[in-house]
Amino acid sequence: MNKIEYSLDTRQLSSDIVQWFHDNKRDLPWRQSEDPYHIWISEVMLQQTQVDTVIPYYNTFVSRFPTLNDLAYADEETVLKTWEGLGYYSRARNLQKGVREVVETYGSKVPDNKKDILSIKGIGPYTAGAVLSIAYHQPEPAVDGNVMRVLSRVLLIDDDIAKARTRLLFENIIYDLIPETDPSGFNQGLMEIGALVCKPKQPKCDVCPIAAHCLANEEGAQLEYPVKKKKTPPKPLYFAVVVPQDQHQRVLIQKRPDKGLLANLWEFPMISVEPEQDNLDGIIECEMKNRYNIIVKPKDIETTVTHIFSHIKWHLNVYTADISTVGEDGETYRWVKEAALDSFPFPVSHQKVMKYIKAN
DNA sequence: GAAACGTGGTT
DNA sequence: TAACCAAGTTT
């Protein structure tokens, strides 16, 4: 890693950022606390997620799990239900794992040093820096997408910010910028400028507190930065979704595996199929018999649901099916009344499916 | 190092 | 509207 050459009044830049932050910061729920546990929750929720989306989840989560110990001793299912709809569900499970580590290993006190806090599940370089600087006032960098966008423009850095190594470059720059007097205001100020002023598409350079320091502004090259490799579009996958109903008006739901996509969330049974595959009745009957020991009579396709993840696009053909006996629960599946579906954590994709079930 | 991992908002 | 984006971490 080369030491970047930049001629810059670092002292002035830092104080401009801190000053602007204290004059312009938004009133956000997690800014009313310096409890490291609260900061931790907010930073995990904010990973790859916008502030407006996080606010209601944060409020609900903190009122349901007010202390670190409350979360540590909660059921994972309850935690996932509280996280339902927020996405990246491993964040919730890792947060609880992490909190349990803190209870067992650190006497319920969030570690205040880099080595220990970085060892905690779900806490990476960004979150570690955020908690250390915001809750413990330590001069550690917290490099997120905002920070890289702002600094790449200020300093005309054209390294690909999609590469993991690039983060180190920005961390090294920040070690030279971050003030001992207010590392929290500095880190949050840099992010806040990124969120409110130095936006990706329409940067408001006319009101930017650090425009005078910004090389991209000087050259009119704001939109050339940051440099970022394009992502490949989501890969399409096709499924038959089967909603079996028994004689007691109960439907069958299945718990997903504890690893991978939507881990430990619930869904209606899914069968992987080919895009153009039709005449699925035989396959559905066979799979339902093998998996759940039920004899189903599939009806026509009820509806079609599509759902786009970051890397996958699901095409779901939804079938309802009656069984002429009473369903029995298994290790990873349950027969539940429609009204009871709401107590299980479902991904948004299957909330869409559920909407049609409840309408009929 | 690159892909997996969710969802909703914006342009 | 089809990308692109958003306070990243894990494998």
Side-chain angles (χ1 to χ4, degrees), chain A residues 21 25-26 28-31 39-58 80 83-95 97-98 117-131 133-135 141-150 160-168 170-171 184 186-196 198-203 223 226-235 237 256-265 267 306-314 345-352:
Chain A
F21 179 67
K25 63 183 172 189
R26 289 170 290 181
L28 303 173
W30 45 90
R31 288 185 177 157
I39 303 301
W40 182 3
I41 293 169
S42 71
E43 293 302 342
V44 171
M45 287 187 168
L46 286 161
Q47 289 166 12
Q48 299 290 280
T49 311
Q50 296 187 156
V51 165
D52 288 344
T53 303
V54 167
I55 289 173
Y57 282 93
Y58 174 84
L80 282 175
W83 206 272
E84 181 185 64
L86 193 54
Y88 285 145
Y89 298 95
S90 68
R91 290 183 298 175
R93 305 199 309 126
N94 286 152
L95 176 58
K97 282 182 200 162
I117 201 171
L118 263 179
S119 76
I120 293 170
K121 208 68 172 170
I123 297 187
Y126 165 76
T127 304
V131 172
S133 63
I134 298 171
V143 176
D144 73 337
N146 285 314
V147 171
M148 290 195 281
R149 182 172 60 258
V150 173
D160 182 358
I161 66 166
K163 293 190 180 298
R165 187 177 64 253
T166 303
R167 192 198 73 251
L168 298 176
F170 288 98
E171 286 181 349
S184 170
F186 175 83
N187 280 339
Q188 292 190 77
L190 212 40
M191 290 188 278
E192 195 84 335
I193 289 170
L196 301 180
C198 195
K199 298 182 174 190
K201 297 294 175 63
Q202 295 180 349
L223 299 185
V227 173
K228 188 179 182 181
K229 184 188 60 184
K230 291 192 196 325
K231 280 189 233 171
T232 60
K235 176 188 178 182
L237 291 179
R256 290 180 63 88
D258 65 5
K259 290 186 175 187
L261 185 68
L262 306 172
N264 283 2
L265 272 68
E267 66 186 8
T306 63
H307 187 79
I308 302 174
F309 300 92
S310 46
H311 58 305
I312 296 170
K313 181 173 182 177
W314 272 1
F346 279 84
V348 169
S349 53
H350 280 254
Q351 289 174 22
K352 293 177 184 174

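All chains are named by letter (A, B, ...) in the order of the sequence lines, taking the proteins before the strands, and each is independently numbered beginning at 1.
Along DNA chain B, the stretch of nucleotides lying under 4.0 Å from any heavy atom of chain A spans, 5' to 3', dG1(B) to dG9(B).
Judged purely by atom type and a 3.5 angstrom limit, T127(A) has no side-chain atom pairing as donor or acceptor with the backbone of G124(A). For R167(A) (side chain) and V143(A) (main-chain N/O), no donor-acceptor pair under 3.5 Å exists by modelled atom type. Proximity of a side-chain donor or acceptor of R256(A) to a complementary backbone N or O of E267(A) within less than 3.5 Å is not detected.
A straight line from CZ of R91(A) to P of dG8(C) spans 9 Å, rounded to a whole angstrom. When the P atom of dT11(C) is taken as reference, atom CG of L261(A) falls 15 Å away, rounded to whole Å. Regarding K259(A), its NZ atom lies at a distance of 8 Å from the P atom of dT11(C), rounded to whole Å. One interatomic measurement links the two molecules: CE of M148(A) to P of dG8(C), which rounds to 8 Å at whole-angstrom precision. R167(A) places its CZ atom 8 Å from the P atom of dT9(C), with the value rounded to the nearest Å. What separates CG of N187(A) from P of dA7(C) is a distance of 14 Å, to the nearest Å.
Only the C1' atoms considered, dC4(C) is 16 Å distant from dG6(B), to the nearest whole Å. Comparing the P positions of dG9(B) and dT9(C) gives an interatomic distance of 24 Å, to the nearest angstrom. dG8(C) and dG1(B) are spaced 16 Å apart, taking the C1' atom of each and rounding to whole Å. Spacing between dT11(B) and dA7(C) at atom P, rounded to whole Å, works out to 14 Å.
Heavy atoms of I123(A) sit under 4.0 angstrom from primed sugar atoms or phosphate atoms, though from no base atom. Within 4.0 Å (heavy atoms only), W30(A) reaches at least one base atom of the nucleic acid. As judged by a 4.0 angstrom heavy-atom cut-off over every strand, L262(A) is placed among residues touching the sugar-phosphate backbone only. Among the heavy atoms of the strands, none lies under 4.0 Å from S42(A). Across all strands, R31(A) comes closer than 4.0 Å to base atoms (heavy-atom distances). As judged by a 4.0 angstrom heavy-atom cut-off over every strand, V44(A) is placed among residues making no nucleic acid contact. Here L28(A) lies in heavy-atom contact (under 4.0 Å) with a base.
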**Prompt:** In B/S/- notation, 5' to 3', how is nucleotides 1-6 of chain C contacted by protein heavy atoms closer than 4.0 Å?
**Reply:** ---SSB
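The side-chain heavy atoms of F21(A) and I193(A), taken from C-beta on, include no pair separated by under 4.5 Å.
Under the side chain to side chain contact (heavy atoms under 4.5 Å, CB included) criterion, M45(A) pairs with I41(A), V54(A), Y57(A), Y58(A), F61(A), W83(A), L86(A), sequence neighbours left out. Listed by chain and number, the residues in a ring pair (Phe, Tyr, Trp, His ring centres under 6.0 Å) with F309(A) are H307(A), W314(A) (sequence neighbours excluded). Applying the ring pair (Phe, Tyr, Trp, His ring centres under 6.0 Å) rule to F346(A) yields the partners F268(A); only residues at least two apart in sequence or on another chain are considered. Residues meeting the side chain to side chain donor-acceptor pair (under 3.5 Å) test with T49(A), sequence neighbours left out: R91(A).
For Y126(A) and E43(A), the side-chain atoms include at least one donor-acceptor pair closer than 3.5 Å.
For the pair V131(A) and I117(A), the tightest heavy-atom approach, listed with the atom from each and the gap, is CG1-CD1, 3.7 Å.
Summary of the strand contacts: A164(A) and L265(A) both lie near DNA chain B, and taking for each the nucleotide with the nearest heavy atom, the more 5' one is attributed to A164(A). Nearest-nucleotide positions on DNA chain B for Q47(A) and Q202(A) put Q47(A) closer to the 5' end.
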